[in-house]
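Report on the following structure.
Just so you know, these numbers use all the heavy atoms, side chains as well, and skip hydrogens, waters and symmetry mates.
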Amino acid sequence: METNQILETIRMIEEENLDIRTITMGISLLDCIDSDSDRACQKIYDKITRLAKNLVKVGEEIESEYGIPIINKRISVTPIGIIAAASPDKDYVKYAKALDSAAQAVGVNFIGGFSALVEKGYQHGDEILINSIPQALAETEFVCSSVNIGSTKAGINMDAVRHMGHVIKETAAKSDMGCAKLVVFANAVEDNPFMAGAFHGVGEADCVINVGVSGPGVVKRALEKVKGEPFDVVAEVVKQTAFKITRMGQLVGKIASERLNVPFGIVDLSLAPTPAVGDSVAYILEEMGLESVGTHGTTAALALLNDAVKKGGVMACNHVGGLSGAFIPVSEDAGMIAAVNNGALNLEKLEAMTAICSVGLDMIAIPGETSAETIAAMIADEAAIGVINHKTTAVRIIPAKGTSVGDMVEFGGLLGRAPVMKVNDYASTDFILRGGRIPAPIHSFKN
């Protein structure tokens, strides 16, 4: 690198919140399947602690040697709904505790994969796992859970949608933080390094390293230099900035892969905000000329941002994957919180924005009294956007006990704080109680 490039990178790290959001080790547990759940859990613990024993150490060494902050070190595993199905157990909390113990032993921030894939129907272990989620998340600290209820190829499993509405309510009742670690997906991907939705797909190698980059503050600072310029210029600036951010992710992933003797998987290009001042996707959109995120023009601005990030990132990295777009979690983005508080941003506008961004209704607090059927209907709407548009969408919604619209719910750390948002007063109960499966859209059949 030339001197000016080194100085530019130092400035981005020190002044603009540039960081590697996560290095995530994906680990296959297929060889841990056993009809005896105690043996299976021991195999799971042993394999994770063997492969990931140096993950945190290597991450810290790279931080120290290269001066690049790596905020999280994480693990994703094969969906436990698959692994535990061989056992006769009636709940899988034991498996969640094995994951939690392994995560604690190796020192990672989170471990993802207490998951089930039910877009077309339930296999033996899926219903057991889903029913175990509330208790599992209440009794563990590091475990994250996800359920895929729809896909463009399969349609939407409305029985699973209804089930997850009740599971989210029960999870909220059992623990304050449980719902922050639970994601409901359509079109879930197998190589996502970001929590809480990460799991290690069955098509992946036995063990890989995936990297999630970040840098909303860097993009915003770059756009400050082109105030009033046409959108062609804005797109080019974002593209060039995303290239620089992603090259850093590629470098970290390559070094971590070599030192851990594990194949390098992908770089996820997602712009992931944090509660830190200036580290906001909303501020990028407002820098384009919006008075507040949520006003008319927000979706168009987000479309430009998402596309330019991908164009710049793809040029910078051999293998791109994960979610790769812009995250718009309310609780983790100071600009989103401000927009909700000033009335510019509501659930309906957020839903429209999820047709463009990389995930969906993410880290949104709603009144605790919201019904399971209304939550299920929110999941169905998000799934429909993903299924029709060939993209990943998700819901990470938090019914906050004893709260009313406008109250603030504190999560702490990277999860931040969220204003409780208004939900539509009209019921969707009869719609959700129909059950069955919404068929796949006709454009899904391309074989």
Side-chain angles (χ1 to χ4, degrees), residues 1 5-6 8-26 55 58-60 62-63 66-74 76 108-110 112 189 191-195 197-198 208-223 237-257 264-276 278-281 283-284 302 305-329 332-333 357-359 362 392 414:
M1 295 178 70
Q5 292 176 310
I6 295 171
E8 181 183 36
T9 302
I10 292 170
R11 190 194 72 247
M12 289 191 295
I13 291 169
E14 292 184 347
E15 300 176 13
E16 300 167 11
N17 297 307
L18 178 62
D19 59 53
I20 299 298
R21 185 53 42 85
T22 180
I23 53 173
T24 300
M25 177 177 281
L55 177 62
V58 165
E60 291 172 346
I62 295 170
E63 286 184 271
Y66 291 86
I68 301 171
I70 302 172
I71 305 303
N72 295 293
K73 295 84 177 174
R74 297 164 169 170
S76 63
V108 294
N109 306 96
F110 286 115
V189 296
D191 55 4
N192 168 23
F194 286 102
M195 298 296 169
V208 297
I209 284 290
N210 297 320
V211 174
V213 298
S214 186
V218 179
V219 176
K220 175 165 185 302
R221 185 68 66 88
L223 290 182
V237 168
V238 173
K239 189 169 66 173
Q240 291 178 8
T241 306
F243 178 88
K244 296 172 186 175
I245 294 169
T246 308
R247 286 302 279 177
M248 194 173 76
Q250 171 87 358
L251 172 67
V252 168
K254 184 172 180 293
I255 296 168
S257 168
F264 181 25
I266 57 92
V267 174
D268 187 316
L269 309 179
S270 299
L271 285 179
T274 71
D279 201 24
S280 162
V281 169
Y283 291 163
I284 298 174
L302 186 58
L305 176 64
N306 234 29
D307 182 64
V309 165
K310 291 180 181 181
K311 285 173 177 172
V314 165
M315 287 293 292
C317 181
N318 291 333
H319 299 289
V320 171
L323 300 169
S324 288
F327 284 8
I328 52 170
E332 300 168 18
D333 188 310
C357 74
S358 67
V359 195
D362 192 19
T392 303
L414 280 176

- Where do Leu305 and Val281 land on the side-chain contact (heavy atoms from CB on, under 4.5 Å) test, with the steps shown first? CA-CA 9 Å; Leu305 176 64; Val281 169; 4.0 Å; yes
- Message: Which heavy atom of Ala308 sits nearest to which heavy atom of Ala242, and what is that distance?
- Response: O-CB, 4.4 Å
- Message: If you compare all heavy atoms of Ala222 against all heavy atoms of Val237, which two are closest, and at what distance to 0.1 Å?
- Response: CB-CG1, 3.6 Å
- Item | Ile68, Val211, Val267 screened by side chain to side chain contact (heavy atoms under 4.5 Å, CB included) with Met248, the one that passes | Ile68
- Item | Candidate pair Thr22 and Ile71, rule side-chain contact (heavy atoms from CB on, under 4.5 Å), full reasoning | CA-CA 6 Å; Thr22 180; Ile71 305 303; over 6 Å; no
- Note on the structure: One should read off an interatomic distance between Arg221 CZ and Ile284 CD1, to the nearest 0.5 angstrom, of 12.5 Å
- Quick one: closest heavy-atom pair of Gly212 and Phe194, and the distance? CA-CZ, 3.7 Å
- Message: Nearest 0.5 Å, please: how far is CD1 in Ile255 from OH in Tyr66?
- Response: 3.5 Å
- Once you round to the nearest 0.5 Å, how far does OG1 of Thr24 lie from CZ of Phe110? 11.5 Å
- Query: Can you check side-chain contact (heavy atoms from CB on, under 4.5 Å) on Val213 and Ile20, steps first, answer last?
  - Reply: CA-CA 5 Å; Val213 298; Ile20 299 298; 4.0 Å; yes
- Message: Just verifying a value: how many Å separate Ile62 CD1 and Ile23 CD1, rounded to the nearest 0.5 Å?
- Response: 5.5 Å
- Which pair of heavy atoms, one from Arg74 and one from Leu55, lies closest together, and at what distance? O-CD2, 3.4 Å
- Query: Would a distance-only check, ignoring hydrogens and angles, find a side-chain to backbone donor-acceptor pair under 3.5 Å from Asn210 to Ile266?
  - Reply: yes
- Working to the nearest 0.5 Å, report the span between NE2 of His319 and CG of Asp268. 15.0 Å
- Can you name the nearest heavy-atom pair linking Ala198 to Pro193, along with the distance? CB-C, 4.3 Å
- Query: To the nearest 0.5 Å, what is the distance between CD (Gln240) and CE (Met315)?
  - Reply: 11.5 Å
- If every non-hydrogen atom of Gly313 is compared with every non-hydrogen atom of Thr246, which pair is closest and at what distance? CA-OG1, 3.5 Å
- Message: Pair Glu60, Glu63 - check side-chain contact (heavy atoms from CB on, under 4.5 Å), show working.
- Response: CA-CA 5 Å; Glu60 291 172 346; Glu63 286 184 271; 4.0 Å; yes
